Amino acid sequence: MSKKKNKIIALIFLVVLIAMSFFKDNFTPDYLNSPEAFFLNPINHISRISTLQTHYPFWVMSFMYSLIFIIFPFYIIHLYFGNKTLSGFVVIILMVIFALIYLMIFANSSMLDKAIIPKINRYFHSPIITFFFLAAFTLTRSGNEKK
């Protein structure tokens with residue numbers, strides 16, 4: 001495909017990613033901001049690991065929703081820049097954030113639940129990181145071309 005078509009497809013993916021970000025309160029395992037995840041509240045005195053069985057549909061949807069915020073930015077960067085190294089870098093960074101979020105959730109720490117998880121969750125499940133990568137890679141590429 002031509003570079004112009006790739007950029008149009010990347011823009012479509014970006015618009016879909018923006019639209020998907022409006023559903024973070026329905027699918028993310030942040031009980032402070034997601035009513036669907038209230039079962040994770042420590043007042044319920046349940047192990048979060050055990051909820052993988054008791055609330056299986058929620059966790060499947062949550063993981064799938066989070067994967068959208070790894071897969072779509074990968075394709076956006078890959079289509080927009082046509083550079084496997086940059087898109088691979090994006091995937092690695094987002095996979096690390098994904099793993100950290102879920103590890104912190106399963107840690108059952110009220111401090112993490114209140115101080116860190118909501119903040120990371122808001123950024124990860126939004127197009128902000130993708131916009132950052134687009135801006136950073138565009139500036140880097142334009143800086144390299146001028147030399």
Side-chain angles (χ1 to χ4, degrees), residues 1 3-141:
M1 276 193 264
K3 287 184 179 186
K4 186 174 181 174
K5 284 184 182 180
N6 283 350
K7 288 186 178 187
I8 291 170
I9 293 169
L11 180 62
I12 291 168
F13 272 116
L14 187 59
V15 169
V16 171
L17 190 68
I18 291 168
M20 292 300 294
S21 71
F22 289 106
F23 298 104
K24 74 175 68 66
D25 290 338
N26 298 328
F27 298 111
T28 58
D30 173 12
Y31 75 88
L32 293 172
N33 295 308
S34 300
E36 307 296 327
F38 188 74
F39 66 91
L40 296 172
N41 193 321
I43 64 170
N44 295 327
H45 303 291
I46 58 173
S47 163
R48 292 184 182 171
I49 298 291
S50 69
T51 64
L52 289 171
Q53 291 179 338
T54 60
H55 293 80
Y56 181 76
F58 172 81
W59 286 112
V60 169
M61 292 301 294
S62 179
F63 286 130
M64 288 175 41
Y65 182 73
S66 293
L67 287 175
I68 289 170
F69 289 89
I70 295 174
I71 295 167
F72 277 42
F74 165 78
Y75 281 115
I76 291 166
I77 299 299
H78 183 70
L79 290 168
Y80 193 82
F81 294 103
N83 186 320
K84 289 181 182 180
T85 304
L86 292 180
S87 51
F89 175 73
V90 167
V91 165
I92 290 169
I93 295 293
L94 294 175
M95 286 173 57
V96 167
I97 295 171
F98 171 84
L100 284 173
I101 289 172
Y102 283 92
L103 287 172
M104 286 190 286
I105 288 165
F106 288 113
N108 276 349
S109 168
S110 62
M111 182 188 74
L112 292 175
D113 288 346
K114 292 176 184 166
I116 299 175
I117 293 170
K119 281 87 175 164
I120 295 174
N121 190 45
R122 290 284 166 193
Y123 285 112
F124 180 74
H125 293 104
S126 75
I128 292 172
I129 295 173
T130 305
F131 283 129
F132 170 78
F133 284 129
L134 285 170
F137 296 153
T138 300
L139 289 172
T140 302
R141 190 173 71 178

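The structure presented is a predicted model; accordingly, all values stated were derived computationally and were not measured. What's counted below: heavy atoms across the whole structure, side chains too, no hydrogens, waters or symmetry copies.
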Donor-acceptor under 3.5 Å ([X] side chain, [Y] main chain):
{"X": "Thr130", "Y": "Pro73", "result": "no"}
{"X": "Asn41", "Y": "Ile43", "result": "yes"}
{"X": "Tyr65", "Y": "Met20", "result": "yes"}
{"X": "Arg48", "Y": "Ala107", "result": "no"}
{"X": "Thr140", "Y": "Phe137", "result": "no"}

For [X] and [Y], which heavy atoms make the closest approach, and how far apart are they?
{"X": "Leu32", "Y": "Lys114", "result": "CD1-CA, 3.7 Å"}
{"X": "Asn108", "Y": "Ser47", "result": "ND2-CA, 4.2 Å"}
{"X": "Ser66", "Y": "Tyr102", "result": "OG-OH, 2.8 Å"}
{"X": "Phe58", "Y": "Ala37", "result": "CZ-CB, 3.7 Å"}
{"X": "Ile117", "Y": "Asp113", "result": "CD1-OD1, 3.4 Å"}
{"X": "Leu94", "Y": "Phe124", "result": "O-CE1, 3.5 Å"}

Are Phe106 and Ile49 close enough, and set up right, to give a side chain to side chain contact (heavy atoms under 4.5 Å, CB included), and what steps lead you there?
CA-CA 6 Å; Phe106 288 113; Ile49 298 291; 3.7 Å; yes

Could you go through Thr28 and Phe23, starting from their C-alpha distance and side-chain angles, then the distance that decides it, and tell me whether this counts as side chain to side chain contact (heavy atoms under 4.5 Å, CB included)?
CA-CA 9 Å; Thr28 58; Phe23 298 104; over 6 Å; no

Quick one, Val90 with Leu86, criterion side chain to side chain contact (heavy atoms under 4.5 Å, CB included). Give me CA distance, side-chain angles, the key distance, then yes/no.
CA-CA 6 Å; Val90 167; Leu86 292 180; 5.6 Å; no

Can you tell me how far apart [atom1] ([X]) and [atom2] ([Y]) are? Round to the nearest 0.5 Å.
{"X": "Ile68", "Y": "His125", "atom1": "CD1", "atom2": "NE2", "result": "9.0 Å"}
{"X": "Ile76", "Y": "Phe131", "atom1": "CD1", "atom2": "CZ", "result": "8.0 Å"}
{"X": "Ile120", "Y": "Asp30", "atom1": "CD1", "atom2": "CG", "result": "11.0 Å"}
{"X": "Thr85", "Y": "His78", "atom1": "OG1", "atom2": "NE2", "result": "11.0 Å"}
{"X": "Ile12", "Y": "Ile9", "atom1": "CD1", "atom2": "CD1", "result": "6.5 Å"}
{"X": "Asn121", "Y": "Lys24", "atom1": "CG", "atom2": "NZ", "result": "8.0 Å"}

Are Leu17 and Phe13 packed together at the side-chain level, in the sense that at least one heavy-atom pair is separated by less than 4.5 angstrom?
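Side-chain contact under 4.5 Å: no.
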
Report yes if the side chains of Phe72 and Leu14 come closer than 4.5 Å at any heavy-atom pair, otherwise no.
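Phe72 vs Leu14: side chains apart.
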
If you count every heavy atom of other residues, nucleotides or ligands that lies below 6.0 Å from [X] atom [atom1], does the total exceed 12?
{"X": "Phe39", "atom1": "CZ", "result": "yes"}
{"X": "Tyr75", "atom1": "OH", "result": "no"}
{"X": "Phe132", "atom1": "CZ", "result": "no"}

Does a side chain donor of either Tyr80 or Thr138 reach within less than 3.5 Å of an acceptor in the other side chain?
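Their side chains do not contain a donor-acceptor pair, so the 3.5 Å distance test is not met.
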
Report the residues that fulfil side chain to side chain contact (heavy atoms under 4.5 Å, CB included) with Ile93, sequence neighbours left out, ordered by chain and then residue number.
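For Ile93 the side chain to side chain contact (heavy atoms under 4.5 Å, CB included) partners, ignoring immediate neighbours, are Phe89, Ile97, Phe133.
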
